[in-house]
Amino acid sequence: MITGSNAHLLLVEDEPKVATFIRKGLQTQAYTVDVALTGEEGKAFFAKTAYDLIILDVNLPDISGLDLAEHIRQQNRRVPILMLTALDTTADKLLGFEAGADDYLAKPFDFLELLARLKALLRRAGTTEDVDRVLRVADLELDLDERVARRQGQTIDLTAREYALLEYLMRNAGRVVSRVDIAEQVWDIGFDTGTNVIDVYVSYLRAKIDKDYPTKLIHTLIGMGYVLKEK
């Protein structure tokens, strides 16, 4: 069975159904996946987060995936890029490689092949073997192997949902995440504006992570969402 590495991936795919299919499949393999539906959105995500791998569609509605790949390469020469496209001629593939792609997968594709290719790219880049298995923000630690949170060395008892929420916030430390982001990544549901379940769980998490410590790590940005960071 192919398993994930807890790597953080960026998927730039303009077809919502395809993007959802890929994201859900990758999440079952323990990958964290941010989804951008346009090239400009992908560029904005890339500017804010250090990704372990980028899955990039060539045909985007605003800027070309080839142009986006070139932009990424100008900023980061090491992050693996896997390009997806319905254009599968040799000439098309050469254009993708020249733009900075490390691998190229033609649509339609078998999901298991996608998994195998990205796993190989991560292994080649050293991410799968060398990824730090402990996330840290200030004096807060999250051990991904033991699935245990600690602050100042003290173990914090979390429910499965609280753990998932904390992991997502820590993987996006310093970045504002909206309630929609949390709903899709932690609850894997379409966001229901009529429910306050996310706010409730953030409150639960704050009570355990921040309440007894002078430095607060979970912050609310009104109208935007939440961010986990050390002020």
Output all residues satisfying side-chain contact (heavy atoms from CB on, under 4.5 Å) with Lys229, sequence neighbours left out; order by chain, then residue number. His219, Val227

Do Lys211 and Arg206 come within less than 4.5 Å of each other through their side chains, counting heavy atoms only? no

Between CG of Leu118 and CG of Asp103, what distance do you get to the nearest 0.5 Å? 9.5 Å

In the structure I gave you, are the side-chain heavy atoms of Leu165 and Met170 within less than 4.5 Å of one another anywhere? no

Electrostatic pair Lys208-Glu162, nearest N-O below 4.0 angstrom: yes

Let me confirm one number: the CD1-OH distance from Ile22 to Tyr31, rounded to the nearest 0.5 Å. 13.5 Å

Taking the side chain as C-beta and beyond, is there a heavy-atom pair between Val58 and Leu66 under 4.5 Å? yes

If you draw a 6.0 Å radius around NZ in Lys48, do more than 12 non-hydrogen atoms from other residues or ligands fall strictly inside? no

When rounded to the nearest 0.5 Å, the distance separating CD of Glu13 from CD1 of Ile55 is 10.0 Å

Test side-chain contact (heavy atoms from CB on, under 4.5 Å) on Phe111 and Leu26; report intermediate values, then the result. CA-CA 9 Å; Phe111 184 72; Leu26 293 177; 4.0 Å; yes

Between Tyr51 and Asp34, does the side-chain hydrogen bond (donor to acceptor under 3.5 Å, both in side chains) criterion hold? Intermediate values first, please. CA-CA 9 Å; Tyr51 290 102; Asp34 291 335; 2.7 Å; yes

Ser203 vs Val200 side-chain heavy atoms within contact, under 4.5 Å: no

Leu122 and Asp52, any side-chain heavy atoms less than 4.5 Å apart: yes

For a 4.5 angstrom cut-off between non-hydrogen side-chain atoms, does Leu9 reach Ile54? no

Heavy-atom side-chain contact between Val180 and Ile182 under 4.5 Å: no

Look at the side-chain heavy atoms of Ile, Leu, Val, Met, Phe, Trp and Tyr, link any pair under 4.5 Å apart, and say whether Val148 and Leu135 land in one connected group. no

Does the cation-pi check pass for Arg161 over Tyr201, that is, NZ or CZ under 6.0 Å from the six-membered ring centre and within 45° of its axis? no

Please walk me through it: do Val12 and Leu60 pass side-chain contact (heavy atoms from CB on, under 4.5 Å)? CA-CA 8 Å; Val12 187; Leu60 297 171; 3.8 Å; yes

Do the non-hydrogen side-chain atoms of Phe45 and Val35 ever get within less than 4.5 Å of each other? no

Go through it in stages, so that I can follow the logic: the residues are Arg150 and Gln154, the test is side-chain hydrogen bond (donor to acceptor under 3.5 Å, both in side chains), and I'd like the CA-CA distance, side-chain angles, deciding distance and then a yes or no. CA-CA 5 Å; Arg150 301 183 183 90; Gln154 299 297 311; over 6 Å; no

Within one Ile-Leu-Val-Met-Phe-Trp-Tyr cluster: Leu217 and Tyr163, side-chain cutoff 4.5 Å: yes

Can you tell whether the side chains of Asp57 and Lys107 come within less than 4.0 Å, N to carboxylate O? yes

Considering non-hydrogen atoms only, spot the tightest contact between Arg78 and Asn76 and give its length. N-OD1, 2.8 Å

Without hydrogens or angle criteria, can the side chains of Tyr204 and Asp199 be said to hold a donor-acceptor pair below 3.5 Å? no

Check the pair Val134, Glu146 against side-chain contact (heavy atoms from CB on, under 4.5 Å), reporting the backbone distance first and the verdict last. CA-CA 9 Å; Val134 179; Glu146 296 183 17; over 6 Å; no

Exactly one of Arg117, Arg73, Arg123 should register a salt bridge (charged side-chain N to carboxylate O under 4.0 Å, His left out) with Asp102. Which one does? Arg73

Side-chain H-bond candidate by donor/acceptor type, Arg23 with Thr32, under 3.5 Å: no

Go through the steps to decide whether Tyr226 and Leu221 satisfy the test side-chain contact (heavy atoms from CB on, under 4.5 Å), and finish with yes or no. CA-CA 6 Å; Tyr226 301 99; Leu221 279 76; over 6 Å; no

Ile81 and Ala69 have their tightest heavy-atom pair at CD1-O, 4.2 Å

Look at the side-chain heavy atoms of Ile, Leu, Val, Met, Phe, Trp and Tyr, link any pair under 4.5 Å apart, and say whether Leu10 and Ile63 land in one connected group. yes

Does CG in Asp110 sit with more than 12 non-hydrogen atoms of other residues, nucleotides or ligands closer than 6.0 Å? yes

Hydrophobic clustering (ILVMFWY, side-chain heavy atoms < 4.5 Å, transitive) - are Tyr213 and Leu166 grouped together? no

Are Ile156 and Leu228 connected, step by step, through hydrophobic side chains (Ile, Leu, Val, Met, Phe, Trp, Tyr) whose heavy atoms are closer than 4.5 Å? yes

